[in-house]
Amino acid sequence: MLEKAYDPKAVEDQIYEMWEESGAFKPESCPKDGEPFTISMPPPNATGQLHLGHAVMLALEDIFIRFARMNGKRALWVPGTDHAAIATENVVIKKLKEQGMKDPRKELGREKLIAKIAEFVEESKSTIRSQIRKMGSSCDWSRERYTFEPSLNRCVNEVFCRMKNDGLIYRGHRIVNWDPKLQTTVSDDEVVYKEEKSAFFTFKYGPFEISTARPETKFGDKYVVMHPKDTRYKKYKHGDTFEAEWINGSVRATVIKDESVDPEFGTGVMTITPWHDHIDFEIAERHGLEKEQIIGFDGRLLEIAGEFAGMTIEKARPLIVEKLKTKGLLVKVDENYVHNKAVSQRGGGAIEPQIKLQWFIDVNKEIVPWKSKGSKKAANMSLKQIMHSVVHHGDIDIIPDRFGKTYFHWIDNLRDWCISRQIWWGHRIPVWYKGDETYTGANAPDGKDWRQDEDTLDTWFSSAMWTWSTLVDQKKAQDMSLSLKEILEKSPDFQTFHPTAVMETGYDILFFWVARMILMTTYATGQIPFKTVYLHGLIRTRDGRKMSKSDPETMIDPLDMISKYGADALRLSMIVGQSAGADSRLYEEKIAGYRNFINKLWNASRFVLLQCEQAGIDPKTIDKLPENASLSLADRAVLHASECLIEDITKNLSTYSLSEAGDRLYSFVWDYFCDWYLEFSKGTANHAVLVHVLRRILKLLHPYCPFVTEQLWSQVKKTGDSALISETWPKIHAKRKDAKAFADLQILIDVVSAIRKLRTDQNVEPGKEIMVTIVSRGHTGEVLESQEAHMRRMCKVGSLTFTTDAVKIENAASTFLPEIEIHLSLAGLFDADKLKESLLKEQAELTKYVAGLESKLSNKSFVDRAPKALVDEQKSKLAEAEEKLKKIEERMQQL
RNA sequence: GGGCAAUUAGCUCAGCUGGUUAGAGCGCCACAUUGACAUUGUGGAGGUCACAAGUUCGAAUCUUGUAUUGCCCACCA
């Protein structure tokens, strides 16, 4: 027999092991003719700890995959980890510094540092793996991949080379986001802006006044730019030159007219620093102006700064201002100027735009042949256009769809993607140099002195291939005689399981990752990476704040919660009540609430088993259900309800409405199955129905709470049935539907509730037996009479009298339902005042209700225009209410 | 500056294309408890659905505006 309370700790690990050993996670265990259904797990960073973001992702994907598996699909969930280039290198360098190394990059050199990082990653990976298991994730570990393993590296190199040959990857001097702290470039998406108050200076510059928050960049400024239509500066012509006294002496400056200048801002005139500002760079490009580097890659001023050369910006800024002031060039200072400072998302340091020789992906070159399903014909498109097309034409659905708009907006503003990074941990750029010669390929060409490009690729370059690079055959991927196309053709997994079914991830990486997977996969394979994108929101604290590592009070550690409440409870707490794309709040009481639910399910099952045991029946022998005709009212009603339940849950899960389905299951189990059906079953249990319905519940609930359902399944499954994970999804039996029985039982439930309320109103002592007289006619009367035993037990009623005639009532509390009068006799206990009070209250409510209905029904427009069924319904409701009101009035008179 | 969303009970949230007297969980109050379950049961209190106008026979639901909050994008030198 089961323990009194469910103890997740005692069973979860064992069950997981059992699943894994049984091979149930592999698609090979699914029916051979099943439709493939694939999910690529967004690979957690190999360095990290499992956090709530991962937990919610794992829970959602596991539900999708288990549902698909139980529905006979060949379900494959590919797990893996990401080498997370910058993030990982940072973590390891930080650790090495803590261990006393001053500059690990210099001290170790490239080879050794990479080895150190690799070593560290291997350790962390096993932590992540075990944490993923703790969540109950049914992913195929035999297919686990890593973004930095040889087969993926091959894919990266192949795609890079092809893109370069197609002219989609180019190398050029462009302005990029330089992170002086991490000593690397970062992409536009890796720059975040922080509001900052800083001094805003206005200086004299020749005949003009110019303003800046960054005087330290101004050494080389020799262009003043203004709007061509600005009348204040009409007398200056484009190309005019003038002498201006400046920081280190006089400079010769040129007037430039450009429409990008806002005449309303400041003086309407600005000087430009093309080397260190995106906008200035564009202006300079437009007019063919000279560009000069002012700040070095180490963040210090260069020779051009004269006496300030070698200083950091922080140090130089006040000195430069001071110097300009003594020269009489400082006009004013606004100390309260608020501007957005560009900061590195990874390193947290300031971003310094720089011009640098870097590798880029051209997103505007229209040379890739593509045809969306929804579009008429194939055309040569740019990567940008393909990204737009597949979502626009519905090849890919985004849930929730409002993110489609955000996605399009992002694409419209997309610039060429800088893919090179000056770090060591990552896929090295497969380009080789020797003198003026360049060679593109994974390996150096024959001959001496070929040097490989020092840079590595943006980590998202390789993760962008995740859905398919994880499916290539690893051996074939090492065969250098094959092209990428041939490798794909000879990879059975790729042929079977790609495109994947659904990509489930946080909306915060829609641009970073989802968009880039679409870009890379359509280009490299000619296929979309996934059919559906399901985006989940951020998990926040109870008061809506972001959980952050720096504030441990607010952090909820999923592993703590699992050991405290079980993985099932955690999963439910993150899924039920949350909708796609919306942030949600999580706190411990919520998880505890779902733990209670799991325990409720446990005990309900325990009750069922106990009933079987007492009757000497082995639940495992229970197979077929008896015919409907031989079942009790409650049995038929619960079977009907369970048919409806299957319908709803199946529909909701098929449309990714997980919260609705979870909520429905929760209230079915607790409010219907436990509170009513099991109560009815006490004394007159039908073991076949009990076990049958419980089995269904376990199946339907399994995707949500895999552990507890699997454990209970082992107790109630039919001999010969497999583990629940591999069971088939329940089918609907139309024959078992019996809406009439369901409605009849509802009458009974209403009566029982009404009697309970009377008891409470009258303060009837617990355990005290009471007498009840029920007046009802026709079918209702028959139903009630047939359920006498149940009613007596559930209401703790001593004697129950049924009659079809009105009765004379004295010393009784009364209440009225449609077609039913209930009188509760309480010799010596009857409190007329209390009854009066509650009748008065009910009368008042009812009067209001009746008045509302009457005015509605006397409204001609309503009667004419509203659907007839609605009008009839309201009419009968009115009649019912009026009758009830009459009865209450009569009863009041008697008192 | 541009865009997207949210505003319903003390708290966290449902409420689908307009139609019963607006729901749930937690919390609160009262009562119960050897019974599958105190990780429980029964009953209850608590909401003019942010505000205003409009469309409609009828609005939490549709339209417009206002306020507040949150997020994303751009970034003004």
Side-chain angles (χ1 to χ4, degrees), chain A residues 1-2 4-6 189 193 200 210-214 217-218 225 260-262 264-273 277-280 283 339-340 342 400 402-403 405-406 409-410 412-413 507-508 510-511 537-538 540 542-544 565 569 576-579 581-587 589-590 592-611 657 659-660 663 666-667 670-671 674-675 678-679 682 753 756-761 763-767 845-846 848-850 852-853 856 859-867 869-871 873-874 877 881:
Chain A
M1 189 40 61
L2 301 173
K4 263 200 157 184
Y6 173 55
D189 297 291
Y193 294 88
F200 189 57
I210 56 117
S211 302
T212 184
R214 303 200 56 192
T217 63
K218 296 285 161 198
V225 190
S260 67
V261 178
D262 176 7
E264 306 291 320
F265 187 86
T267 56
V269 182
M270 65 179 191
T271 61
I272 57 168
T273 315
D277 185 282
H278 288 89
I279 301 287
D280 294 1
I283 294 173
H339 76 145
N340 283 324
R402 70 186 142 85
F403 278 98
K405 283 186 203 166
T406 321
H409 185 254
W410 179 82
D412 292 343
N413 294 311
Y507 65 72
D508 52 328
L510 176 63
F511 306 140
L538 241 62
R540 295 170 174 278
R542 180 190 207 109
D543 44 2
Y565 302 104
V576 180
Q578 324 294 1
S579 52
D583 290 355
S584 61
R585 302 174 187 209
L586 188 69
Y587 37 89
E589 294 96 304
K590 211 185 229 176
Y594 286 103
R595 184 267 321 266
N596 296 355
F597 169 70
I598 304 274
N599 192 56
K600 187 80 182 171
L601 175 72
W602 179 265
N603 273 292
S605 311
R606 194 163 159 255
F607 173 80
V608 172
L609 291 169
L610 223 74
Q611 295 294 314
S657 308
S659 179
E660 282 91 330
D663 203 39
Y666 182 99
S667 62
W670 204 314
D671 303 338
C674 292
D675 289 353
L678 293 189
E679 289 304 321
K682 285 178 181 168
S753 300
R756 280 175 180 168
K757 188 164 171 345
L758 275 184
R759 278 189 77 116
T760 312
D761 283 355
N763 279 339
V764 177
E765 281 171 38
E845 278 173 13
L846 217 48
K848 216 170 99 190
Y849 176 50
V850 165
L853 277 181
K856 202 171 186 179
N859 184 332
K860 204 164 167 301
S861 312
F862 171 71
V863 180
D864 291 348
R865 297 198 202 184
L870 183 73
V871 177
E873 194 189 314
Q874 306 270 301
K877 289 220 160 105

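FYI, side chains are in, hydrogens and waters are out, and symmetry mates aren't considered; it's all heavy atoms of this structure.
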Novice: Using a cut-off of 4.0 Å on non-hydrogen atoms, how would the nucleic acid contact of A:Lys4 be classed: base, sugar-phosphate, or nothing?
Specialist: sugar-phosphate

Novice: Among residues at least two apart in sequence or on other chains, which ones pass side-chain contact (heavy atoms from CB on, under 4.5 Å) with A:Asp671?
Specialist: A:Ser667, A:Asp675

Novice: Please report the distance, rounded to the nearest Å, between NZ in A:Lys877 and C1' in B:G19.
Specialist: 10 Å

Novice: Heavy atoms under 4.0 Å, any strand shown: does A:Gly593 hit a base, just sugar-phosphate, or nothing?
Specialist: nothing

Novice: Using a heavy-atom cut-off of 4.0 Å across all strands, would you classify A:Arg756 as base, sugar-phosphate, or nothing?
Specialist: sugar-phosphate

Novice: How long is the line joining CG of A:Asn603 and P of B:U40, in whole Å?
Specialist: 10 Å

Novice: For the side chain of A:Asn599, starting at C-beta, report the closest nucleotide among B:U39, B:G25, B:G43.
Specialist: B:U39

Novice: A:Arg214 near the nucleic acid: base, sugar-phosphate alone, or nothing, with a heavy-atom cut-off under 4.0 Å?
Specialist: nothing

Novice: Classify every nucleotide of nucleotides 70-76 of chain B by which part a protein heavy atom approaches to under 4.0 Å, writing B for the base, S for the sugar-phosphate alone and - for neither, in 5'-to-3' order.
Specialist: -SSSBBB

Novice: So, under a plain 3.5 Å distance rule, would you say the side chain of A:Lys600 forms a donor-acceptor pair with the base of B:C37?
Specialist: yes

Novice: Rounding to an integer number of Å, can you tell me how far A:Tyr666 OH sits from B:C13 P?
Specialist: 17 Å

Novice: According to the Watson-Crick and G-U wobble definitions, with both distances under 3.5 Å, which nucleotide is paired to B:U69?
Specialist: B:A5

Novice: Under 4.0 Å between any heavy atoms, over every strand shown, what does A:Glu679 touch: base, sugar-phosphate, or nothing? Just pick one.
Specialist: base

Novice: How many angstroms lie between CZ in A:Arg585 and CD in A:Gln578, if you round to the nearest 0.5 Å?
Specialist: 11.0 Å

Novice: Nearest of B:U21, B:C26, B:C4 to any side-chain atom of A:Glu589?
Specialist: B:C26

Novice: In this structure, how many angstroms lie between the C1' atom of B:A36 and the CG atom of A:Asp675, rounded?
Specialist: 12 Å

Novice: Atom pairs under 3.5 Å, N or O on each side, protein against nucleotides 44-48 of chain B: can you list them with distances?
Specialist:
{"from": "B:A45", "atom 1": "OP1", "to": "A:Lys841", "atom 2": "NZ", "distance (Å)": "3.4"}

Novice: Let me know the distance between CG of A:Asp671 and C1' of B:A24, rounded to the nearest Å.
Specialist: 9 Å

Novice: Using purine N1 to pyrimidine N3 plus N6-O4 or O6-N4 for Watson-Crick, or N1-O2 and O6-N3 for G-U wobble, both under 3.5 Å, which nucleotide pairs with B:C28?
Specialist: B:G44

Novice: Tell me the interatomic distance from A:Phe862, atom CZ, to B:U56, atom C1', rounded to whole angstroms.
Specialist: 13 Å

Novice: Counting side-chain heavy atoms from C-beta on, which of B:A36, B:U21, B:U40 comes nearest to A:Trp670?
Specialist: B:U40

Novice: Give a yes or no on whether the backbone of A:Ala5 and the side-chain of A:Asn599 come within a donor-acceptor separation of less than 3.5 Å.
Specialist: no

Novice: When you measure from the side chain of A:Arg595, which nucleotide among B:G43, B:U39, B:A5 comes out closest?
Specialist: B:U39

Novice: List in chain and number order the residues that pass side-chain contact (heavy atoms from CB on, under 4.5 Å) with A:Thr267, two or more places apart in sequence or in another chain; answer none if no residue qualifies.
Specialist: A:Glu209, A:Tyr233, A:Val269

Novice: Tell me, please, which residues at least two apart from A:His278 pass ring-ring contact (aromatic ring centres under 6.0 Å, His included).
Specialist: none

Novice: Considering every strand and a 4.0 Å limit on heavy-atom distances, what is the contact class for A:Lys590: base, sugar-phosphate, or nothing?
Specialist: sugar-phosphate

Novice: What integer distance in Å separates A:Leu678:CG from B:G41:C1'?
Specialist: 13 Å

Novice: Round to a whole Å and report the spacing from CG of A:Asn596 to P of B:U39.
Specialist: 8 Å

Novice: Base, sugar-phosphate, or nothing: which does A:Val261 touch, judged by heavy atoms less than 4.0 Å apart?
Specialist: base

Novice: From the list B:U12, B:G19, B:A5, which nucleotide is the closest neighbour of the side chain of A:Pro867?
Specialist: B:G19

Novice: Between B:U55 and B:A45, how far apart are the two C1' atoms, rounded to whole Å?
Specialist: 37 Å

Novice: Return the 5'-most residue of the pair A:Thr271, A:Leu870 with respect to RNA chain B, ranking by each residue's nearest nucleotide.
Specialist: A:Leu870

Novice: How would you label the contact of A:Ser659 with the nucleic acid (heavy atoms, under 4.0 Å): base, sugar-phosphate, or nothing?
Specialist: nothing

Novice: Could you list the residues that satisfy ring-ring contact (aromatic ring centres under 6.0 Å, His included) with A:Phe511, not counting sequence neighbours?
Specialist: A:Trp410

